[in-house]
Amino acid sequence: MINTTMADTTAINTTLTAYYARRAAEYERIYRKPERQADLSRLKAKFSHGFTGVDLLEIASGTGYWTQFACRSARSILATDYNEEVLGIAQEKDYGECPVKFRVADAYVLNEVRGPFSGALACFWWSHVPKEKLTGFFRCLHKKLRPGAKVVMLDNRYVEGSSTPIARRDKHGNTYQLRELSDGSKHEVLKNFPTREELVDRFEPFSDNLEVTELDYYWLAEYSY
């Protein structure tokens, strides 16, 4: 493992927001990996039928890739992201008859979001939250939810040979990857891969019906708040 530091990697952009703004146009290429198609098909089907009657708050919705499946069953969706660039791409998708609104919002604050909602969805967001900020994030999210709201979180499992290698680990246990975009720019990106035990420890304090599903390349956590 490479023990890189900020000083050692002056050519690397360490700002997650800037990284995803630059990656917006090529973000969905990750879903084309052949080995992940079986998992993705299963998840698309689950999302397409899993939010019936739910007024959904989506965190870090990005380019709307998962919004376009959740909208097939949700009653309404407010899709939020910190980046206007990815939301611009998301707004070009077809969401059928489901009312989908978009809003620039900070997931750690959500002051721009009016609730309450009967459900929440966060895809590939957990992995970018520093471990020391997870408690604060969940407190903020839960304030926007009605009692009994359905919460769904989806993210990557680390798979050798398919996942980008881990470049370093910080004092809090957060792990980082070095990524290169098609424009040649290099970025150090926070990317955590929790174990099943870590997920259970994190979610169980505020839910007694947690369900964690581990696929080959992804994990899915579902609970009622």
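Along the sequence shown, residues are numbered consecutively beginning with 1.
With 3.5 Å as the limit, one finds a donor-acceptor pair spanning the side chains of N174 and E132. Side-chain contact annotation: K191 with N156, donor-acceptor N/O pair under 3.5 Å present. In summary, the side chains of D155 and S127 do present a donor paired with an acceptor at a separation below 3.5 Å, with no hydrogens or angles considered. Of the N and O atoms on the side chains of S61 and D81, not one donor lies less than 3.5 Å from an acceptor on the other residue. Side-chain atoms of T175 and R168 include no donor-acceptor pair closer than 3.5 Å. No side-chain N or O of T80 forms a donor-acceptor pair with one of E58 less than 3.5 Å apart. In summary, the side chains of Y65 and K44 do present a donor paired with an acceptor at a separation below 3.5 Å, with no hydrogens or angles considered.
Hydrophobic clustering of Ile, Leu, Val, Met, Phe, Trp and Tyr side chains at less than 4.5 Å, counting indirect connections, unites L110 with V151.
Cation-pi geometry between K150 and F51 is met: the NZ or CZ atom falls under 6.0 Å from the ring centre, inside 45° of the normal.
A salt bridge is absent between R179 and E188; no separation between the charged side-chain nitrogens and carboxylate oxygens falls under 4.0 Å. Under the 4.0 Å criterion applied to side-chain N and carboxylate O atoms, E28 and K93 are assigned as salt-bridge partners.
Less than 6.0 angstrom separates the ring centroid of W125 from the ring centroid of Y108.
Surrounding CZ of R139 are at most 12 heavy atoms belonging to other residues, nucleotides or ligands under 6.0 Å away. Crowding of E35 atom CD: a count of heavy atoms from other residues, nucleotides or ligands under 6.0 Å exceeding 12.
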